[in-house]
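Down below is the structure, laid out as structure tokens.
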Amino acid sequence: MIPDHSPATLPEYEHAKFELAEMLRVISGQHAAAHGSAPPPFRKDEVTELLTRLAEDRFVLLVAGRFSRGKTSLMNAILGLDRLPTGILPLTSVITSVTYGRPERVRLEPERAGLPIEIPMTALADYITERGNPGNARRIRIAHVALPAEILRRGFHFVDSPGLGSAIPENTRTTESFLPEADAAIVVSGFDGPLTDEEVQVLRAFAAAGKPVFLVLNKQDLVPPAERAQVLAFARERLGQIVPSGRLRIFATSARDGLAASLADDDAALTASGVGALRTELIRFLLEDKQRLVIAGLCARISSLIGSEGSRGADALQ
């Protein structure tokens, strides 16, 4: 569970991050002294990744759900930019991290050792979609996309993931393996068949880890208002058995209408689409809760790392 006594001010937050960085350096140095050239029980790049996350003040918000739920369309609507490729078939085959940047750019990180490569935004679909890169045959570990979206300037690292329950098993495995790296999640379900077993499994995993989760029921434009109320009531009842009521966040959206409203700068239509309320809550969440969650998440990752070094290391962490 997330501790309630996490840093409340910027100086305390920065001090906590400094202490965690020092701990990571000590862990790495102590292992090198004790084991010499023997392979570490943890990956060296895991320590590097955690240090990088501290330096960048990175907060990872995973977007997950079954294929065809409109996950990527919803991300485009939240960002207010129609830049990530979308479609009706199982589309995303590679984890795609979206952060702030100007100008737009794409950097591909390979699964095996090798230098990242940069590609133009117009070529993104050739590397991250099932059509352009079936089963991730190009062996891309993650695609880093930089976009000039205002919400990204506030510190979110949006991560688009391959669809759960896809006919392509590699896509589901890719998403499941990334879950521990996320600080929070948006699980996208739909009014056309809410809360499949795969989606409930992700919700349960985040609730068990004490991580915040937002449930979005997309495609509200497909059902009349009376039926929307019934579906929302069903979702609240089912999730009440999984997620504590105080941490239950459910939103009804139409990603299609929300993106059109964002591109047209139509505030009334954005509100009607439900995307406006979701975007507002995400910004509030980032401004008020991020520091506590960053520290809690890093403590959990470092605790797991130290556990592989034996009980003495675990005692030192406590």
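Note that these values count all heavy atoms, side chains included, but never hydrogens, waters or copies made by symmetry.
Among residues two or more places apart in sequence or in another chain, the side-chain contact (heavy atoms from CB on, under 4.5 Å) test is passed with S97 by T99, I142, H144, H157, V159. Residues satisfying the side-chain contact (heavy atoms from CB on, under 4.5 Å) test with L232, not counting sequence neighbours, are F191, L217, R236, I250, A252. For R238, the salt bridge (charged side-chain N to carboxylate O under 4.0 Å, His left out) partners two or more places apart in sequence, or in a different chain, are D197. Among residues two or more places apart in sequence or in another chain, the salt bridge (charged side-chain N to carboxylate O under 4.0 Å, His left out) test is passed with R204 by none. Here R83 pairs with E104 under the salt bridge (charged side-chain N to carboxylate O under 4.0 Å, His left out) rule; sequence neighbours left out. For D257, the salt bridge (charged side-chain N to carboxylate O under 4.0 Å, His left out) criterion is met by no residue, not counting sequence neighbours. The side-chain contact (heavy atoms from CB on, under 4.5 Å) test applied to P120 returns T122, A123, not counting sequence neighbours. In terms of the side-chain contact (heavy atoms from CB on, under 4.5 Å) criterion, residue partners of A21 (sequence neighbours excluded) are, by chain and number, R25, L51, L54.
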Worksheet item: Going through the checks in order, is the side chain to side chain contact (heavy atoms under 4.5 Å, CB included) test met by R69 and N218?
Response: CA-CA 7 Å; R69 290 299 202 187; N218 194 30; 5.8 Å; no
Item to complete: Would you check, one step at a time, whether the test side chain to side chain contact (heavy atoms under 4.5 Å, CB included) holds for I302 with M23?
Response: CA-CA 9 Å; I302 295 173; M23 185 178 294; 3.8 Å; yes
Practice prompt. Show your working on side chain to side chain contact (heavy atoms under 4.5 Å, CB included) between F158 and L152 and close with a plain yes or no.
Written response: CA-CA 8 Å; F158 271 109; L152 297 175; 3.5 Å; yes
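In this structure a side-chain-to-backbone donor-acceptor pair under 3.5 Å is missing from T72 to L84. Side chain of E199 to main chain of T196: a donor-acceptor pair is present (N/O by atom type, distance under 3.5 Å, no hydrogens or angles).
L259 belongs to a hydrophobic cluster whose remaining members, ordered by chain and number, are L263; membership requires side-chain heavy atoms of ILVMFWY residues under 4.5 Å apart, directly or through intermediates.
Separation of atoms NZ (K219) and OG1 (T253) is listed at 10.5 Å; rounding is to 0.5 Å. With rounding to the nearest 0.5 Å, the separation of CD1 in I186 from CG in L74 is 6.0 Å. Interatomic distance, T86 OG1 to R256 CZ, rounded to the nearest 0.5 Å: 12.5 Å. With values rounded to the nearest 0.5 angstrom, I151 atom CD1 is found 11.0 Å from L81 atom CG. Between atom CZ of residue R138 and atom CD1 of residue I128 there is a gap of 12.0 Å, rounded to the nearest 0.5 Å. Between the CG atom in L108 and the CG atom in L115 there is a gap of 13.0 Å [rounded to 0.5 Å].
Sorted by first then second residue, the ring pair (Phe, Tyr, Trp, His ring centres under 6.0 Å) pairs that include residues 251-299, not counting sequence neighbours, are F59-F285, F214-F285. Residue pairs satisfying the side chain to side chain donor-acceptor pair (under 3.5 Å) criterion with at least one member in residues 258-277, sequence neighbours excluded, are listed as follows: S262-R279. For residues 105-126, no residue pair satisfies the ring pair (Phe, Tyr, Trp, His ring centres under 6.0 Å) rule, not counting sequence neighbours.
For E111 and R139, the salt-bridge test passes: some basic side-chain N is under 4.0 Å from an acidic carboxylate O. Here K211 does not pair with D183 in a salt bridge; the nearest charged N to carboxylate O distance is not below 4.0 Å. One finds a salt bridge joining E281 and R249 here, because a Lys/Arg side-chain nitrogen approaches an Asp/Glu carboxylate oxygen to under 4.0 Å. Looking at E118 and R107, no side-chain N of the basic residue comes within less than 4.0 Å of a carboxylate O on the acidic one, giving no salt bridge.
Crowding of F18 atom CZ: a count of heavy atoms from other residues, nucleotides or ligands under 6.0 Å not exceeding 12. The 12-atom threshold is exceeded at CD of E22, counting heavy atoms of other residues, nucleotides or ligands nearer than 6.0 Å.
Closest non-hydrogen pair, V94 versus T96, comes out as O-OG1, 3.1 Å. The heavy-atom pair separating Y100 from A149 by the smallest distance is CD1-O, 3.4 Å.
S254 and Q220 share no side-chain donor-acceptor pair at under 3.5 Å.
Counting only heavy atoms from C-beta outward, the side chains of L239 and I242 approach each other to under 4.5 Å. In this structure the side chain of L61 reaches within 4.5 angstrom of the side chain of L282, judged on heavy atoms.
Checked options T129, N76, D126; the residue passing with P85 is T129 (criterion: side-chain contact (heavy atoms from CB on, under 4.5 Å)).
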